[in-house]
Amino acid sequence: MCNDYRTRVDLATIGQEFNDLRIPLRFPEGMPNLEPREDVRITDRAPIIRWGGDAAELVQRRWSWPGAGGKPVYNFRSDGREFGSGRCLIVTDGFYEFTAPAEPRPDKRKDKWLFTLAGHDWFCIAGLLRTTPEVGEAFTMLTTPAGPDVALYHNRQVAVVPRDRWRPWLDGSASAKELLAPCAAGMLKVERAG
């Protein structure tokens, strides 16, 4: 499942999109410096958007919290679940999946595939926030069964939230069971990344 994603979205672009959608956006911890990153990996800090009661809030948090036995919880199945609190959006312009190489490599590295949202420069993945004593507030990505674009690479995929559903996802007015679903065919573009 997704354990690496990309975020090259600048703050002005995020702010403009939320303004266009008429979703108030605040920066409760100050305006962050969002450097472009080709790889965001488990335990890295990255930008997320949470709901602050009457507005969206952009903050940076750790990806994953410690789970049972100390293993990081970086993906969480959404199938049939409702999430009444702790919802967030994970800002990205692409996520990666890895497959066994078509031909064996001496370094045993897997093939890396980049998935982007067709027709958009960036998008948001549904996330869940949790606070633990060990790491404070951290996020995980919610997943669904794989849609047709991802199924050749993995049997699960991250839950992409359509732009017109960002606010209902954040403020809890949309049912997670109805909102979180695999991407339809052609919604994602895929290219080899390594």
Side-chain angles (χ1 to χ4, degrees), residues 1-9 13-14 17-18 20-23 25 40-42 46-52 56-58 61 63-65 67 72-99 111-130 138-193:
M1 196 57 249
C2 183
N3 60 11
D4 188 3
Y5 70 99
R6 186 174 78 178
T7 182
R8 301 181 306 179
V9 188
T13 299
I14 296 168
E17 188 71 30
F18 273 77
D20 291 349
L21 293 169
R22 296 193 169 119
I23 304 171
L25 182 63
V40 178
R41 295 187 173 98
I42 300 163
I48 58 108
I49 299 163
R50 65 186 183 192
W51 191 246
E57 298 179 336
L58 191 146
R61 293 294 181 262
W63 180 17
S64 79
W65 59 73
V73 177
Y74 57 93
N75 289 154
F76 196 86
R77 288 178 180 253
S78 67
D79 312 28
R81 293 184 168 139
E82 285 296 346
F83 303 99
S85 62
R87 295 177 177 194
C88 70
L89 292 169
I90 302 159
V91 176
T92 185
D93 64 312
F95 65 91
Y96 301 104
E97 291 296 349
F98 298 84
T99 59
D111 289 338
K112 185 175 183 178
W113 304 93
L114 173 66
F115 292 83
T116 56
L117 188 61
H120 295 278
D121 293 333
W122 67 285
F123 57 100
C124 288
I125 296 168
L128 191 61
L129 289 167
R130 183 168 290 168
F139 71 91
T140 188
M141 290 183 175
L142 293 174
T143 68
T144 70
D149 299 332
V150 179
L152 294 174
Y153 307 88
H154 203 284
N155 64 352
R156 308 267 321 151
Q157 72 163 76
V158 295
V160 175
V161 181
R163 277 174 164 66
D164 65 343
R165 307 297 287 165
W166 286 356
R167 182 173 184 143
W169 169 252
L170 286 172
D171 69 16
S173 62
S175 163
K177 290 178 188 175
E178 294 172 12
L179 179 63
L180 304 181
C183 292
M187 192 171 162
L188 298 171
K189 296 187 305 183
V190 61
E191 63 186 79
R192 191 177 188 138

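Everything quoted here is computed from the prediction, not taken from an experiment.
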| R61 side, atom CZ; R50 side, atom CZ - distance, nearest 0.5 Å | 5.0 Å

| task | Please tell me if the side chains of F83 and L142 come closer than 4.5 Å, counting only heavy atoms from C-beta onward. | result | yes

| note | Looking only at heavy atoms, the pair that brings V158 and M141 closest together is CG1-SD, 3.6 Å

| Residue pair R167 / L21, side-chain heavy-atom distance below 4.5 Å | no

| query | Do any N or O atoms from the side chain of W63 and from the backbone of Y74 form a donor-acceptor pair under 3.5 angstrom? | reply | yes

| said: Within this structure, what is the CG-CH2 distance for the pair L89 and W51, rounded to the nearest 0.5 Å? | reply: 10.5 Å

| query | How many angstroms lie between NE2 in H120 and CG in L188, if you round to the nearest 0.5 Å? | reply | 11.0 Å

| message | Please give me the minimum heavy-atom distance between Y5 and A46, naming the atom from each residue. | response | OH-CB, 3.1 Å

| note | Closest non-hydrogen atoms of V91 and T7, given as atom of the first, atom of the second and distance, are O-OG1, 3.4 Å

| Is there a donor-acceptor contact under 3.5 Å from the side chain of T140 to the main chain of S64? | no

| request: Would you please classify the geometry between the F115 ring and the F95 ring as parallel, tilted or perpendicular, with 30° and 60° separating the classes? | output: parallel

| query | Do D4 and K112 pass the side chain to side chain contact (heavy atoms under 4.5 Å, CB included) test, and can you show the C-alpha distance, the side-chain angles, and the key distance before you say yes or no? | reply | CA-CA 10 Å; D4 188 3; K112 185 175 183 178; 3.4 Å; yes

| request: Specify the closest pair of heavy atoms between A174 and R165, including all atoms of both residues, with the distance to one decimal. | output: CB-NH2, 3.5 Å

| message | Any side-chain to backbone donor/acceptor pair from S78 onto T143? Under 3.5 Å, distance only. | response | yes

| note | With sequence neighbours left out, the residues meeting side chain to side chain donor-acceptor pair (under 3.5 Å) with D79 are R156

| query | How about L58 and F18: do any of their side-chain heavy atoms sit closer than 4.5 Å? | reply | no

| field | Heavy-atom side-chain proximity of R41 to N3 below 4.5 angstrom | value | no

| message | Are I49 and I14 packed together at the side-chain level, in the sense that at least one heavy-atom pair is separated by less than 4.5 angstrom? | response | yes

| request: For side chain to side chain contact (heavy atoms under 4.5 Å, CB included), just list the numbers for V161 and I125, CA-CA rounded to whole Å, side-chain angles, deciding distance to a tenth of an Å, and then say yes or no. | output: CA-CA 6 Å; V161 181; I125 296 168; over 6 Å; no

| request: Report yes if some heavy atom in the side chain of V190 is under 4.5 Å from a heavy atom in the side chain of L114; otherwise report no. | output: no

| query | Does A176 offer a backbone N or O that forms a donor-acceptor pair with the side chain of E82 under 3.5 Å? | reply | yes

| Can you tell if the side chain of L180 reaches within under 4.5 Å of the side chain of W169, non-hydrogen atoms only? | yes

| query | Checking side chain to side chain contact (heavy atoms under 4.5 Å, CB included) against W122, which of T116, V9, L117 comes through? | reply | V9

| message | Which heavy atom of C88 sits nearest to which heavy atom of F139, and what is that distance? | response | SG-CB, 4.1 Å

| said: Tell me whether the rings of W113 and Y153 are parallel (<30°), tilted (30 to 60°) or perpendicular (>60°). | reply: tilted

| field | Minimum-distance pair of heavy atoms, taken over all atoms of P162 and L179 | value | CD-CD1, 4.3 Å

| Out of curiosity, L170 CG to I23 CD1, how far, rounded to the nearest 0.5 Å? | 7.0 Å

| query | Who passes salt bridge (Lys or Arg N to Asp or Glu O under 4.0 Å) against D93, sequence neighbours left out? | reply | R6, R8

| Looking at side-chain heavy atoms only, is the closest gap between L129 and I48 below 4.5 Å? | yes

